[in-house]
Each structure stands twice: as structure tokens, then as C-alpha cells.
> 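The structure follows.
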Number of protein chains: 2
Amino acid sequence: MPAGRFAGAAASHVVTRVDDARPGAIVTETRPRRPRIADVAQVAGVSKASVSFAFNNPERLRAETAERIRSVAAEMGYRPHPVARMLSARRTMTIGVLTPQPLSQVYANPFFSYFAEGVASVLEEGGFGLLMISPLRGSLARALDRATVDGVVALGLDETHPEIEAIRHADLPMVLVDAPAWPEHAAVEVDDEGGARAAAQHLVDLGHRRILVIAVEGPVAGEGPVAGPEGQHEGVMGRRLRGYEAVLGAAGIELGPDAVVVAPATFEGGEAAFLRAWEDGLRPTAVLAMSDAVAIGVLQSSRHLRLRVPRDLSIVGFDDLPVGRFSDPPLTTVHQPVRRKGEEAARLLLEELGGKAATPAPHRVLKTRLVVRRSTAVPPAAAGREEVERT
Amino acid sequence: MPAGRFAGAAASHVVTRVDDARPGAIVTETRPRRPRIADVAQVAGVSKASVSFAFNNPERLRAETAERIRSVAAEMGYRPHPVARMLSARRTMTIGVLTPQPLSQVYANPFFSYFAEGVASVLEEGGFGLLMISPLRGSLARALDRATVDGVVALGLDETHPEIEAIRHADLPMVLVDAPAWPEHAAVEVDDEGGARAAAQHLVDLGHRRILVIAVEGPVAGEGPVAGPEGQHEGVMGRRLRGYEAVLGAAGIELGPDAVVVAPATFEGGEAAFLRAWEDGLRPTAVLAMSDAVAIGVLQSSRHLRLRVPRDLSIVGFDDLPVGRFSDPPLTTVHQPVRRKGEEAARLLLEELGGKAATPAPHRVLKTRLVVRRSTAVPPAAAGREEVERT
DNA sequence: ACTGCCGACTAAACCGGTTCAGTAAACCGG
DNA sequence: CCGGTTTACTGAACCGGTTTAGTCGGCAGT
């Protein structure tokens, strides 16, 4: 009874799928598995193609048929499987935001929220989803390989990243933000050096000469060192440092080796860094912080130390996050369009995905500007004397 | 020449795929398309299965073979296609964080960063990716349908959400945070009412009687109204309001209709709300804000109004975000373990995915506690008189 | 009555992997 | 030298959709 055998095989096949009963399996309530397009097709008495059309190309079906299929589908609780759809459509309608740091670190810097806000607003408009890509079990390349995205916005991805080659290899449309530009990728950055210059010049103009620089590591900076192997500065923090140094140098101010410290880009990081510097005997009249979060932390620790800002200590931040407007005193800082950076990056990426890739890849540099609020003033009168004492 | 025809068909087939040349297409550089497992198999002279094993089950192959396959694959730049892998593995190794608000709003409240930090830290440990799910073209259900995730952490998803049925229907493992519990889903929340009571009691104990309450809408609150149809309060904000009212009522203080205002959960929202209330003639001696971000905004606007905090105005926040420690004065607030909320939610979800689902679904309520810092004090001496004047 | 065309629908290929069942060859003790 | 096990690998089914290239019946035109 060969026909019977085939029929039997087919039937058992169906049964296997319906309740997934394996010989040894514990018999649980036979929860109906998620209906597939084939199930809907069968119940509605049409082909899979028709069901697909009913959802995606209703005009190819008689209106009545399409409606019937849809109602059957609704009744069965059918929802097209998103992964299957992605596979066959060859696109995911999702883009990734890649960060070299673990997300738990990234989110600690408010900077990231505003950046993500910018990215998200453009993606939402374009109907794209947002996937966070950060190291998976220590490997960023692995995370990228697992990521189902059509493109990537990479934030602070330094060329010195150990997996840079693997990441390049992923060969996905990619826009780099705050990273050394690779010719093949579009990029968005800001005039970090110019902003840093303006900040330093502001302090010099006020008469400061003993200045503490606080660089940051982590979320904004990428993982690269502030100074490269040959002492030349790389990455965002390097450019900012170069800006500071150029202006200070021109004013005859040399930054000693302990006048540049590094801290995590968080409130706590800034607080701890300034306290440590103070305990080490440093007595700056002004602080150049490479992040507003750090600057707010310094503001806080200066209160612990009974330093009045700006009378005893001037503080300049970087980023111009909203929190800087709400501190007391409001923070003098270098404005960069954080949100717009995210928007621009997302827009460039969507353009590239839409086939409108410009060649060569666009490289956008957004402006920075100094925003003078109330955390800076002329140094205390005693400044000159103390400088002599220490020198 | 039937054999020839078949051979020809096969060949043209390959060609079609290699450069995807359509008759009308502009001839660009024939960029080799991404190699598939079949290409690797062919070059290495093995079957697709072997290539798959070389990556996922190397022990099933002779070491030498596995190595050869891997090196061929590396040379060709082969990376397994993540979507295909998901489809056949029937899991995505990704979980979604669902928010009823657009991401651009969500990120505006620093609360979310800390929550996401908690979720992300657990996911990273478990090797899961993180997808943000927020309304797509206005529809949260659509976004959820498109989302390739194994489970969802839903933040502030109110029962009154218009698409709640469709969302329920998605039938994904889901953990609800700060939402009315549905019996079938695990949930994490905090003792909002208790925290609110403590905050109100603190103000009552200090002697305040004219109190402004600022509720929030947006990221933390879900989209539901603060008060339900029958005047009973729903959701997080409802519970907090109930806590405030219980204590104030017991102290003989009635909250008039304009003594409860609503603002977005942002610095700016708080700033604007308090200014508006002031312009409306309200002269509270204390503010109960349902979010630290709002409280900081109030702090700022009180400076504009030349009100000294806490001497002229006391402010109590809610959440205990780091920013509250760094304000001047540091903020008295209700602590809730925001990060841990994220961690717990993620953990519960991963347990469920791991088949360790407890029944009934666990419902975790985390503690809140009042943290008294420097933004609260006894009301100004003039308080009693002014109250009489207004009444 | 024959051809051509149109509308409605379907069969089968395809997306790119994983995995189950099976096979051929090598190995092994008796 | 023989049955039985292992080892190393393969063919084909499968995951769940979309899309291409038809098929088929009916109707208009001649």
C-alpha cells in the first residue's frame, strides 16, 4: 500500500509539527504552535502565495478573496514571522548603533542619550528599528556578526581597536561618528580642536595660568589612548587636547605631566578625579573638562572642598548637555550639536541604504562654539603668588 | 541536447546570482556578492553541512578538515548570515525593550538610561542583544510585529494603551515593568505608593501645608491618564498620587484641582511647569515632583524666581538619579532601584526563556525609601499668613 | 470557432542557514 | 574473513516567508 505509506508519512509529519511530541517528552498542554502562512493557506483554501499577497499586494487578489484571507488569518492569530520576512526580503529594516564599550558603560554618560535620541528620531521617521550593538562576551566583532541590521552607526570606534579588521570585514554600510575617518565610510564629527581652543582661550583671556585638564575615557572617547604611540594625539580626546595645548602653549603655559588626568565620562568620574588631583597637591584655578558630566562632578567636589565656583575655581565643560544649564552655577561649556550628530549620522546611513550614496563618502564636520555661562571668572587674586610658591 | 540544457540552466543561474545583472540595470563594478555557505562548500569541496559543522560542531569533523574549511571561509570572507541562522535556530538571541513612547522622548528622561543600563548588563552577560522597540509610524503593535526578539521587557505599558490587545496577541515572553500586572506575565515594580507617602510625610512633618504636586507624563509614566475613568488612580503616577493624597489628607491638607500639574519627565518640563504654576498665582512652600528630572527643573526655575531652596521652597523628587546628588542643593528624593529594576526584569525574562518559568508568574515589588538631602526644610515663617490671604 | 488577452490564482524556486537520517569506508575483535 | 561499530561526511528536509513564472477559465474581437 505505497500510497497509504505516503499518506501516513505526511500525516505523521503534520502531527509531529502540531504538538511537537517526542517519545520521551513530558506531555504538557498541547499549546498550538504559532500558525504559519501554510496553515492559513490551508484553512482559507488558497495557496501560500495568495496569503502573502493578501497582506502585501492585496491588489493582486479579488478584493473579496483578500478580505476572506485576512479574516481567516486574524481569526487564527497569524502574524508573519519577522525573521522569515527579513530573510526573503534581504533587509531587516533595522539599523545598529555600535559602541565599543559595554552598554552598561555607555548609558552612564548622558551624552549618549542625546546622541541616541537624534539617531532614533530619524530612524523612526524612516520606519527603521534600532538595535544596540556592543561587545558580546568581550568581542565587538562577534556582536556585529550576530547583528541583524542593514547598516551601522558607529560611535567612537577607534582605529586602534583590536578587532578593527574584523569589523571592517563585516562590510556593512557604516557611518562613523567621532572616529578617525576611513575613506570608504561616511563620517560625522565636530570641530573638537576648535572648540577646545575656544575653551582654553576663554580661560587664558580671564587670566588663568594654573589649569587642570580632565580627559575622559569610555563612552565618548572610544577605547584608544589619548596620546598615540608617538605622542601625537588621536581620536576625539586627542584633538581636544591638541586644541587646549595649542592655545595654552601660545600663552606660555606648559601643561605638566600631572596637569592632564583621565576620568570616566560620568559625574562620579569627574568628582573623584578632581578630589584626587587636589589631594595630590594640585591647586589649579581652572579646570578644562572634556565632558559636561565630568565638569558637573568637578563642580560637586569643589563644593566639598569649600571652593566657590567661579570665584575660587573656574570650570569649563564640553558637550553642552542640558544638565549644564541646570547646575548651579550654570556651566560654561563648549557646545556641540550632540542630537544633530545622531540625526546626521542616521540620515547619511539611510541615504546610503536608499542607494543615494555620494562618492566620495561624505565627511561632515559640525561646528562647536563656546557657551559662556557662570562657572568661569577671573582667577582669585592669590593666583600669582601661589604659582610662584609651587614653581 | 537535454543534458546541455540543464547544464546551461545551472550555469546561467549562477551567473544571475553572481552579478545580479538585469537587462536594464546600469552596469556597475561587479562587486562580488556576499559568499554563502554553499559557495564555501563548493570551493572547499565539501557539503554545506560540513561547512556548518566546521563552525558550530567542529568535533564532528576531522580536525584537519574543519581547519581547512575555516581557512577557505576566512579567505572568502564568509560570515554566516545572522538572519538565516535565526530562522533555522528559531531564536534570535535578542531581547527587546518596549516603550510606548517614541525613543526620542524616552531618551530625554535620564531615568531610562539607568534602567537600560540594568537591562543591558544582564543581557550582555547572557549573550543576548538589545533591540529598542517603540512605536513605528505611530503603531506600537506594528513595531512589535517587526521585532526579531525572543522576549520583551515592557516599560510602562499601560492597560489603557489603544493597541493593548494586539500587543497581548503577539504572545511573546514578556516581563512588565511599572505596569499594572497581567496575571500571565512576570512583573517588576516598586513600592511607589509607599515612597510617595514617605515623601509627603516628610513635608508634613516639616510643617508644609501648601504643596504643589507635579506628575509626569511620558517615559516613566506610560501613556495612561493619571486618574482613571472613575477617578481612581492607575499606573505608576496614580499610585504615587494616591500615596501623596493619603498622607496629606490625613494631615488635613486637601489638594485643590490646580495643585496637581502634569509635565514631561524632563528638566525642561519641570522648569516650565513650576514657572507656569507660579504665574498662575500658586505660592506653594513645597513641591512634590514625581521625577528627579522634573525636580531639578523646578530647582532651576526657583532660582529664576529668586526663591532660595530650601529656605523659601522645599523640593522632593522621585527616582534618586545620580544627578540629584550633584545638584545644589543636593536633592531630597525617593530612592527607587532603577538599575536593579532593569536587571531584575531582564533576569526574569532570561529565566523564562531558559524554560525556568515559575508559575504563577513572579511579581516582584522592590522597595523605595526616602533619601533626605538638602532641598527640604521647614517652610518660611510667612507661610501661615499667606495661606490665610489666599483662602 | 479560433486567437489573444486579461484577471485571479498557484507551483515552485529562493532567501541562507541548521540538522536529521543515512551511507561509505575504516576499524576491530574473534 | 566476517558482522558490528565508529568515523567522517553528505543529501535532503526544514525554518517561514516572498516572488517569479506560469496555468486556467472566461470574455472580446474577428
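Only a predicted model underlies this, so the values are computations on that prediction, with no experimental measurement involved.
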> Determine whether a donor-acceptor pair (N or O, by modelled atom type, separation under 3.5 Å) exists between the side chain of Glu124(B) and the backbone of Leu136(A).
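No.
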> Taking all heavy atoms of Ser52(A) and all of Ile37(A), pick out the closest pair and write down the distance.
N-CD1, 3.8 Å
> Check Arg137(A) with Glu125(B), please: is the shortest side-chain N to carboxylate O separation under 4.0 Å?
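A salt bridge is absent here (no side-chain N lies under 4.0 Å from a carboxylate O).
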> Would you kindly give the CG-to-P distance between Leu87(B) and dT19(C), to the nearest whole Å?
12 Å
> Does the distance from a Lys or Arg side-chain N to an Asp or Glu carboxylate O, for Glu67(B) and Arg62(B), drop under 4.0 Å?
no
> Which ones in residues 76-86 of chain A lie close to DNA chain D, meaning a heavy atom under 4.0 Å from one of its atoms?
Tyr78(A), Arg79(A), Pro80(A), His81(A), Ala84(A), Arg85(A)
> Whole-Å distance between dG16(C) C1' and Asp145(A) CG?
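Nearest whole value for this atom pair: 15 Å.
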> Please give, in whole Å, the distance from dT10(D) P to Ile37(B) CD1?
12 Å
> Which residues in residues 48-64 of chain B have a heavy atom closer than 4.0 Å to any atom of DNA chain D?
Ala49(B), Ser50(B), Phe53(B), Arg60(B), Leu61(B), Arg62(B)
> Side-chain N or O of Thr65(B) versus OP1/OP2 of dC9(D): is the shortest distance under 4.0 Å?
yes
> Between Arg146(A) (CZ) and dG17(C) (P), how many Å, whole number?
14 Å
> Separation of Arg90(B) atom CZ from dG17(D) atom P, in whole Å?
13 Å
> May I have the distance from Arg34(B) (atom CZ) to dG17(C) (atom C1'), rounded to whole angstrom?
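Interatomic distance, CZ of Arg34(B) to C1' of dG17(C): 11 Å.
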> Taking only the side-chain nitrogens and oxygens of Ser47(A), find out if one of them lies under 4.0 Å from OP1 or OP2 of dT10(C).
yes
> Take the protein atom CZ of Arg91(B) and the nucleotide atom P of dT19(C), then report the distance between them rounded to whole Å.
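Arg91(B) atom CZ is separated from dT19(C) atom P by 10 Å.
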> How close do Pro100(A) and His161(A) get, heavy atom to heavy atom, and via which atoms?
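Taking every non-hydrogen atom into account, CB-CD2, 4.1 Å.
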> Should the pair Asp39(B)-Arg36(B) be classified as a salt bridge under the 4.0 Å nitrogen-to-oxygen rule?
yes
> Counting Watson-Crick and G-U wobble pairs whose two distances are both under 3.5 Å, find the runs of 3 or more in a row that involve DNA chain C.
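For DNA chain C the paired stretches long enough to count as stems (3 pairs minimum) are C:1-30 with D:1-30.
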> Can you check the Asp39(B) CG to dG17(C) C1' distance for me, whole Å?
13 Å
> Quick one: are Pro82(A) and Arg85(A) in side-chain contact, heavy atoms under 4.5 Å?
no
> Can you confirm whether Arg91(A) is buried at CZ, in the sense that more than 12 heavy atoms of other residues, nucleotides or ligands lie under 6.0 Å from that atom?
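Counting neighbours around CZ of Arg91(A), 12 or fewer heavy atoms of other residues, nucleotides or ligands fall under 6.0 Å, so no.
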> Restricting to non-hydrogen atoms, name the atom on Ile69(A) and the atom on Ser50(A) that form the minimum distance, rounded to 0.1 Å.
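Answer, listing the atom of Ile69(A) first, then Ser50(A): CD1-O, 3.8 Å.
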> Ignoring hydrogens and geometry, is there a side-chain-to-backbone donor-acceptor pair from Thr94(B) to Gly129(B) under 3.5 Å?
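The answer is no, because no donor-acceptor pair under 3.5 Å joins these two groups.
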> Determine, for Glu351(A) against Arg347(A), whether the closest basic-nitrogen to carboxylate-oxygen distance falls under 4.0 angstrom.
no
